[in-house]
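Beneath this line is the structure, given in structure tokens, with notes to follow.
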Protein chains: 2
Amino acid sequence: MARRKKYKFPKTTIERLSYYFRALEDLSKRGIDTVSSEALGGKLNIKSSQIRKDLSYFGDFGKRGMGYDVKYLLKELKYILGLDREWSVVIVGAGHIGAAMANYDSFRKRGFNIAAIFDNDEKKIGKEINGSPILPYDNIDDFVKQNKIEMAIIAVPAAAAQAVADKLVESGVTAILNFAPVAVQLDENVRCLSVDLTTKLEALAYYMSYSQDKLWKIYS
Amino acid sequence: MARRKKYKFPKTTIERLSYYFRALEDLSKRGIDTVSSEALGGKLNIKSSQIRKDLSYFGDFGKRGMGYDVKYLLKELKYILGLDREWSVVIVGAGHIGAAMANYDSFRKRGFNIAAIFDNDEKKIGKEINGSPILPYDNIDDFVKQNKIEMAIIAVPAAAAQAVADKLVESGVTAILNFAPVAVQLDENVRCLSVDLTTKLEALAYYMSYSQDKLWKIYS
DNA sequence: CGGCGTATGTTAAAATTTTCACATGGGTGA
DNA sequence: TCACCCATGTGAAAATTTTAACATACGCCG
Ligand SMILES: NC(=O)c1ccc[n+]([C@@H]2O[C@H](COP(=O)([O-])OP(=O)(O)OC[C@H]3O[C@@H](n4cnc5c(N)ncnc54)[C@H](O)[C@@H]3O)[C@@H](O)[C@H]2O)c1
Ligand SMILES: NC(=O)c1ccc[n+]([C@@H]2O[C@H](COP(=O)([O-])OP(=O)(O)OC[C@H]3O[C@@H](n4cnc5c(N)ncnc54)[C@H](O)[C@@H]3O)[C@@H](O)[C@H]2O)c1
């Protein structure tokens with residue numbers, strides 16, 4: 001499909017491409033139309049050689065002696081990251097996290113459309129959050145199938161997460177962002193990323209206790 | 001301070017220790033008092049050798065032929081992770097993310113006390129979330145000093161994040177969990193972890209576009 | 001139009017992290 | 001008590017990822 005020079009590269013590269021993309025958007029907004037790997041790295045606390053290597057896995061985007069054309073690189077990264085299209089997403093769990101995600105307009109700007117939110121709490125069903133309806137969890141299967149939903153965000157309590165994930169996958173979802181603090185077991189052709197906020201706090205606690213360990217990247 | 005056999009180990013080890021801790025809590029609740037690295041790994045999708053190595057950086061916690069005593073390992077991990085004490089935390093930004101974090105009781109159970117939430121929105125000041133008062137952002141300096149706050153959660157818009165971080169550090173905070181999508185520039189003796197939800201979604205989009213890449217860990 | 005400064009893309013080396021393989025030692029039961 | 005089983009802890013190998021170094025190419029300026 002998309003351009004790619006090498007077939008193997010670090011998993012962390014994709015994460016960094018996303019950072020590059022955002023930083024470039026910022027530069028673009030500020031009217032800057034050329035940037036060197038050195039300058040971009042300074043902004044993100046990432047070594048310039050790392051940036052050049054990451055980009056080199058996908059193509060030759062820069063001009064020697066000159067750096068990178070911001071708009072051009074943005075376009076390429078958009079393509080590489082799969083952001084040149086719309087993604088239909090459902091959120092399961094209309095609680096705090098689910099609501100936060102539904103209210104975050106930057107997702108929509110990036111092409112992630114929150115088609116609906118599902119919950120099993122009668123009191124929430126029928127309302128809407130930021131324009132997305134809250135629907136009965138029991139209808140999720142039909143909805144996902146009919147609307148060809150590919151991505152889902154799980155924001156239900158840990159105890160319910162595995163069952164929700166199973167139902168989602170059965171309905172046809174193939175990518176899941178999971179906020180529940182459990183290791184969801186899934187078929188290997190389903191992509192699942194977990195966001196674990198407790199772990200982050202605990203890691204901070206560890207590093208507070210052992211101040212001799214100075215090992216941080218701005219990203220993680 | 002705490003026990004540690006080797007002085008160098010992967011950064012990812014700490015993250016995993018946190019997963020082990022949570023999985024062990026679960027086992028403990030269910031009345032299981034011994035576990036092998038193999039069984040624990042199965043629960044978390046982590047190789048048993050990885051678990052044994054991670055633990056070996058800090059001590060000999062298991063019994064050969066037997067596995068690990070759940071309660072004992074929990075106690076040790078609690079100590080290692082710095083969870084055997086209370087942490088006073090402030091949240092900056094009483095928006096969606098700030099509210100979600102303040103409402104999450106598991107943090108309190110783990111020893112993270114949300115001492116206060118700060119905001120510059122007149123309409124929010126004076127209210128409280130889950131027992132924590134929302135105070136004027138202008139008072140944050142005094143509050144942090146007087147209450148010896150060490151940790152902070154930044155949940156303000158990206159544009160304000162750097163200024164907030166600077167103010168926090170100036171007031172004495174030395175650990176920050178940052179939700180704003182910017183690389184905050186900090187003195188190297190301040191620990192900062194960022195949670196970047198946009199990046200996670202974008203990474204999912206990438207892997208949806210390139211289904212040939214099957215490379216997932218349950219954690220990330 | 002050709003030399004010079006500059007920043008890329010790449011190759012090779014270094015560093016880090018994971019995985020393997022197995023010797024080691026604790027517990028159990030005969 | 002002793003032999004046997006089992007899962008740990010570890011040292012060495014493999015795999016992955018980052019960093020360094022530099023030859024290469026581009027554009028500008030004189
Ligand atoms: N809030 C935080 O800051 C935070 C931090 C770390 C982890 N998490 C995790 O994120 C997840 C969501 O947290 P939250 O704070 O939004 O929880 P919440 O309690 O605010 O919301 C959960 C929602 O899920 C709904 N729900 C429960 N079971 C369901 C089911 N089977 N099907 C459909 N809907 C169901 C509930 O009605 C509720 O609306 C939880 O797993 C939690 O552990 C949250
Ligand atoms: N909501 C999400 O799902 C989501 C997803 C990705 C990233 N984020 C990031 O997390 C951060 C918080 O997001 P949110 O959705 O909670 O935003 P929000 O708009 O709901 O809340 C922001 C809060 O910060 C307060 N605030 C603004 N400037 C301030 C300042 N200088 N000092 C003190 N308070 C100030 C506002 O009054 C508001 O209450 C943002 O940086 C956002 O980009 C949020």
Side-chain angles (χ1 to χ4, degrees), chain A residues 3-17 19-20 24 27 32-70 72-73 76-77 213-220, chain B residues 3-17 19-20 24 27 32-70 72-73 76-77 213-220:
Chain A
R3 144 189 18 237
R4 184 149 56 159
K5 297 200 304 186
K6 302 242 174 92
Y7 290 94
K8 258 181 89 79
F9 48 85
K11 300 175 198 47
T12 43
T13 287
I14 294 302
E15 197 174 345
R16 282 191 299 265
L17 291 186
Y19 293 119
Y20 304 158
L24 288 163
L27 291 173
I32 295 163
D33 42 39
T34 290
V35 70
S36 68
S37 56
E38 195 66 32
L40 188 58
K43 218 170 128 72
L44 292 167
N45 286 358
I46 295 175
K47 287 216 163 60
S48 61
S49 55
Q50 179 80 81
I51 295 180
R52 293 199 299 279
K53 174 141 296 254
D54 284 339
L55 294 175
S56 79
Y57 294 123
F58 296 89
D60 296 358
F61 303 123
K63 288 208 183 85
R64 295 179 190 225
M66 298 277 93
Y68 301 87
D69 181 90
V70 171
Y72 172 64
L73 187 50
E76 291 293 323
L77 284 178
D213 291 4
K214 306 213 169 166
L215 31 80
W216 286 118
K217 308 233 171 144
I218 218 68
Y219 57 92
S220 72
Chain B
R3 142 187 25 237
R4 183 150 57 158
K5 296 201 304 187
K6 301 239 175 96
Y7 290 95
K8 261 180 90 78
F9 50 82
K11 300 177 199 42
T12 44
T13 288
I14 295 302
E15 198 173 343
R16 284 191 298 266
L17 290 186
Y19 294 119
Y20 305 158
L24 288 164
L27 291 174
I32 296 163
D33 42 38
T34 291
V35 71
S36 68
S37 57
E38 197 64 33
L40 188 58
K43 216 170 131 73
L44 292 167
N45 287 356
I46 295 176
K47 286 212 161 63
S48 61
S49 55
Q50 180 79 83
I51 295 179
R52 293 199 300 279
K53 178 137 298 242
D54 283 339
L55 294 175
S56 79
Y57 294 124
F58 296 89
D60 296 358
F61 303 122
K63 288 209 184 84
R64 294 179 190 226
M66 296 278 94
Y68 300 88
D69 181 89
V70 172
Y72 171 64
L73 188 51
E76 292 293 322
L77 285 177
D213 292 3
K214 306 212 170 169
L215 31 79
W216 286 119
K217 306 236 169 137
I218 217 67
Y219 57 93
S220 71

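Letters go in sequence order (proteins before strands), and every chain restarts at 1. What's counted below: heavy atoms across the whole structure, side chains too, no hydrogens, waters or symmetry copies.
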Exercise. Once Watson-Crick and G-U wobble pairs under 3.5 Å are found, how is DNA chain C written in dot-bracket notation, 5' to 3', with | for any base paired to another strand?
Worked result: ||||||||||||||||||||||||||||||

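The distance from atom CG of B:D60 to atom C1' of D:dT10 is 10 Å, rounded to the nearest whole Å. Distance CD1 (A:I46) to P (D:dT19): 10 Å, rounded to an integer number of Å. Rounded to a whole Å, the NZ atom of B:K8 is 8 Å from the C1' atom of C:dT16. Following rounding to the nearest Å, B:F61 (CZ) and D:dG9 (P) show an atom-to-atom distance of 9 Å. Distance A:F9 CZ to D:dT16 P: 13 Å, rounded to the nearest Å. A:N45 has its CG atom 12 Å from the P atom of D:dT19, to the nearest Å. Rounded to an integer number of Å, the gap from A:D69 CG to C:dA7 C1' is 15 Å. At whole-Å resolution of the value, CD1 in B:I51 and P in C:dC20 are 14 Å apart.
Heavy-atom distances to DNA chain D give each of B:E38 and A:D54 a nearest nucleotide, and the one nearer the 5′ end belongs to B:E38.
The two atoms that bring A:L55 and A:F61 nearest to each other are O-CE1, 3.6 Å, heavy atoms only. When all heavy atoms of B:L27 and B:V35 are compared, the pair lying nearest together is CD1-CG2, 3.7 Å. Residue B:I46 comes nearest to B:R16 through the heavy atom pair CD1-CD, 4.0 Å, listed as atom of the first residue, atom of the second, then distance. Nearest heavy atom pair, residue B:F58 against residue B:D54, reads CD1-O, 3.5 Å.
Side-chain nitrogen and oxygen atoms of A:S37 include at least one within less than 4.0 Å of the OP1 or OP2 phosphate oxygen of C:dT8. Contact annotation: A:Y68 side-chain N/O to C:dG9 OP1/OP2 distance is under 4.0 Å. For the pair A:S36 and C:dA7, the criterion of a side-chain N or O lying under 4.0 Å from OP1 or OP2 is not met. Between A:Q50 and D:dT17 there is no side-chain N or O to OP1 or OP2 distance below 4.0 Å. Close to D:dT17, at under 4.0 Å from its OP1 or OP2, lies no side-chain N or O of A:R16.
Note that OG1 of A:T13 is 6.5 Å distant from CD of A:Q50, once rounded to the nearest 0.5 Å. For the atom pair B:T12 OG1 and B:L17 CG, the distance stands at 9.5 Å (nearest 0.5 Å). To the nearest 0.5 Å, the span separating CD on A:E76 from CG on A:L24 amounts to 12.0 Å.
Residues A:P10 and A:Y57 are in side-chain contact: their nearest non-hydrogen atoms beyond the backbone lie under 4.5 Å apart.
No contact: B:S48 has no heavy atom under 4.0 Å from any strand.
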Exercise. What string of B, S and - do you get for nucleotides 20-30 of chain D 5' to 3' if you count protein non-hydrogen atoms under 4.0 Å?
Worked result: BB-BBBBS---

Exercise. So B:Y68 and B:S37, side-chain contact (heavy atoms from CB on, under 4.5 Å) or not? Walk me through it.
Worked result: CA-CA 8 Å; B:Y68 300 88; B:S37 57; 4.1 Å; yes

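The local environment of NZ in B:K63 is sparse, with at most 12 non-hydrogen atoms from other residues, nucleotides or ligands closer than 6.0 Å.
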